[in-house]
Amino acid sequence: MLLLFFIFGRIMNKKELRQKQVEKLQQFKDNPDKQAEDQALLNQVMSLPLLKQSQSIGVTSSLPYEVDTSNLIASLWDQGKDVYLARANNDAEHTQDFLHYNYMTQLAKSSFGVEEVSDPNAEINNELDLMIVPGLAFALDSHERLGFGGGYYDRFLAKHPQTQTIALVNSQMSFESANWQIEQTDMPIKWLITPTEILES
């Protein structure tokens, strides 16, 4: 694929940048700074009024190189929130659902290596108040997101525009501006939470 160039700098194709971001995040995952940033991000998001006002919250079980969501989920349970865990569906449309998740829920790893609710009878709720959206890179100015390439979240958010969105953005995911291709189907994130600030679009 040809790379694009823009007058202010190089625009990378998404596939290339995803590879670079995964490598960078893998290198960062065992750094003590990551644990400190994860804790700072947790503190920031739990202080957000929007989270306190929301009851049904969608989350993804994090991979080791992502911002850790396990303590966030535990904190949400402590506050009496209804937590729903993302599950990618095995269909051609790349859809996903959010299944009710508590401390007794059985989990199984998906083909992506992500833990998902395994109970076929678990309650599905796709009309969420709030969603914590994962990603590999986020632009601080435009709130554009570089996802993992499946389009699951962009499709879901396009169908559920009432759901408020938050992303937890550590120092390795943070870009001042998007240096990747922005497509019409890309859904920007409403709130970006960094270790030091909370940014609303």
Side-chain angles (χ1 to χ4, degrees), residues 25 29 34-35 37-89 94-120 122-138 143 145-148 150-170 173 187-195 198-200:
L25 292 169
K29 71 180 176 68
K34 181 184 183 297
Q35 295 181 4
E37 289 189 17
D38 282 354
Q39 184 60 51
L41 289 165
L42 174 62
N43 295 342
Q44 290 273 56
V45 73
M46 294 306 296
S47 71
L48 190 66
L50 176 61
L51 185 138
K52 295 177 181 179
Q53 296 160 8
S54 301
Q55 183 58 37
S56 58
I57 300 173
V59 188
T60 302
S61 181
S62 53
L63 294 168
Y65 63 80
E66 295 181 278
V67 172
D68 182 20
T69 57
S70 61
N71 289 332
L72 169 62
I73 291 169
S75 297
L76 294 174
W77 286 339
D78 288 344
Q79 291 199 358
K81 304 295 186 183
D82 298 320
V83 176
Y84 294 85
L85 206 61
R87 182 193 67 190
N89 296 321
H94 286 199
T95 63
Q96 66 177 348
D97 293 311
F98 284 81
L99 281 67
H100 189 250
Y101 176 43
N102 60 36
Y103 68 95
M104 296 181 65
T105 303
Q106 294 294 315
L107 301 177
K109 283 193 176 181
S110 72
S111 58
F112 300 108
V114 177
E115 289 192 327
E116 298 177 343
V117 174
S118 58
D119 180 1
E123 174 199 356
I124 294 175
N125 181 8
N126 291 335
E127 303 299 327
L128 301 166
D129 296 328
L130 179 66
M131 187 190 300
I132 314 297
V133 184
L136 293 170
F138 298 88
H143 288 224
R145 163 184 170 271
L146 178 73
F148 294 84
Y152 290 93
Y153 278 89
D154 289 326
R155 289 183 177 86
F156 185 93
L157 293 172
K159 292 180 180 178
H160 303 277
Q162 80 287 349
T163 299
Q164 295 289 323
T165 53
I166 289 176
L168 306 179
V169 185
N170 70 22
M173 301 171 177
M187 301 294 291
I189 304 302
K190 178 68 174 176
W191 297 84
L192 297 185
I193 313 296
T194 78
I198 296 174
L199 303 173
E200 180 183 5

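Considering all non-hydrogen atoms of both residues, Q44 and T194 come closest at NE2-O, 3.3 Å. Listed here is the closest heavy atom pair of T165 and K190: OG1-N, 2.9 Å. Closest approach of A108 and S118 over heavy atoms only: CB-CB, 3.9 Å. Across every non-hydrogen atom of L168 and M173, the tightest pair is O-SD, 3.8 Å. What you find for L128 and T163 is that their closest heavy atoms are O-OG1, 3.0 Å. Nearest heavy-atom pair across F138 and V133 is CZ-O, 4.1 Å.
Separation of atoms CG (L76) and CG (L130) is listed at 8.5 Å; rounding is to 0.5 Å. Of the inter-residue distances, the one linking D97 atom CG with N126 atom CG reads 4.5 Å to the nearest 0.5 angstrom. One finds the CG atom of L51 at 5.5 Å from the CE atom of M46 (value rounded to the nearest 0.5 Å). With rounding to the nearest 0.5 Å, the separation of OG in S62 from CG in L72 is 9.0 Å. We find the CG-CD distance between L85 and E115 to be 8.5 Å, quoted to the nearest 0.5 Å.
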Start with the C-alpha distance between D82 and Q55, add both sets of side-chain angles, then the distance that settles side-chain hydrogen bond (donor to acceptor under 3.5 Å, both in side chains), and finish with yes or no.
CA-CA 6 Å; D82 298 320; Q55 183 58 37; 3.3 Å; yes
Can H143 and L192 be said to form a side chain to side chain contact (heavy atoms under 4.5 Å, CB included), step by step?
CA-CA 7 Å; H143 288 224; L192 297 185; 3.6 Å; yes
Determine, step by step, whether Y65 and L136 satisfy the side chain to side chain contact (heavy atoms under 4.5 Å, CB included) criterion, reporting the C-alpha distance in whole Å, the side-chain angles of both residues, the deciding distance to 0.1 Å, and the verdict.
CA-CA 10 Å; Y65 63 80; L136 293 170; 4.2 Å; yes
Under the criterion side-chain hydrogen bond (donor to acceptor under 3.5 Å, both in side chains), I'd like the reasoning laid out for T105 against N102: C-alpha separation, chi angles, the key distance, then a yes or no.
CA-CA 5 Å; T105 303; N102 60 36; 3.2 Å; yes
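For E127, the CD atom is densely surrounded, since the number of other residues' heavy atoms within 6.0 Å is greater than 12.
No side-chain donor-acceptor contact under 3.5 Å links D129 to the backbone of I57. Judged purely by atom type and a 3.5 angstrom limit, D154 uses its side chain to pair as donor or acceptor with the backbone of M187. Within the 3.5 Å criterion, the main-chain N or O of Q96 finds no donor-acceptor partner in the side chain of R155. Here the side chain of K34 pairs no donor or acceptor atom with the backbone of N170 at under 3.5 angstrom.
Using a 4.5 Å cut-off on side-chain heavy atoms (C-beta onward), E116 and L99 make no contact. Counting only heavy atoms from C-beta outward, the side chains of H160 and M131 never approach each other to under 4.5 Å. Residues D38 and Q35 have side chains not in contact (no heavy-atom distance under 4.5 Å, counting atoms from C-beta outward). Using a 4.5 Å cut-off on side-chain heavy atoms (C-beta onward), V117 and R87 make no contact. K29 is not listed as a side-chain neighbour of L63, based on a closest heavy-atom distance of 4.5 Å or more. Proximity of Y101 to L107: side-chain heavy atoms (C-beta onward) are separated by under 4.5 Å at one or more points. Between S54 and Q164, every side-chain heavy-atom pair lies at or beyond the 4.5 Å cut-off.
Centroid-to-centroid, the aromatic rings of F112 and F148 stay 6.0 Å apart or farther.
By the 30° and 60° cut-offs, the orientation of the rings of H94 relative to Y152 is parallel.
Partner of I132 under the side chain to side chain contact (heavy atoms under 4.5 Å, CB included) criterion, out of I73, I166, T60, I189: I166 alone.
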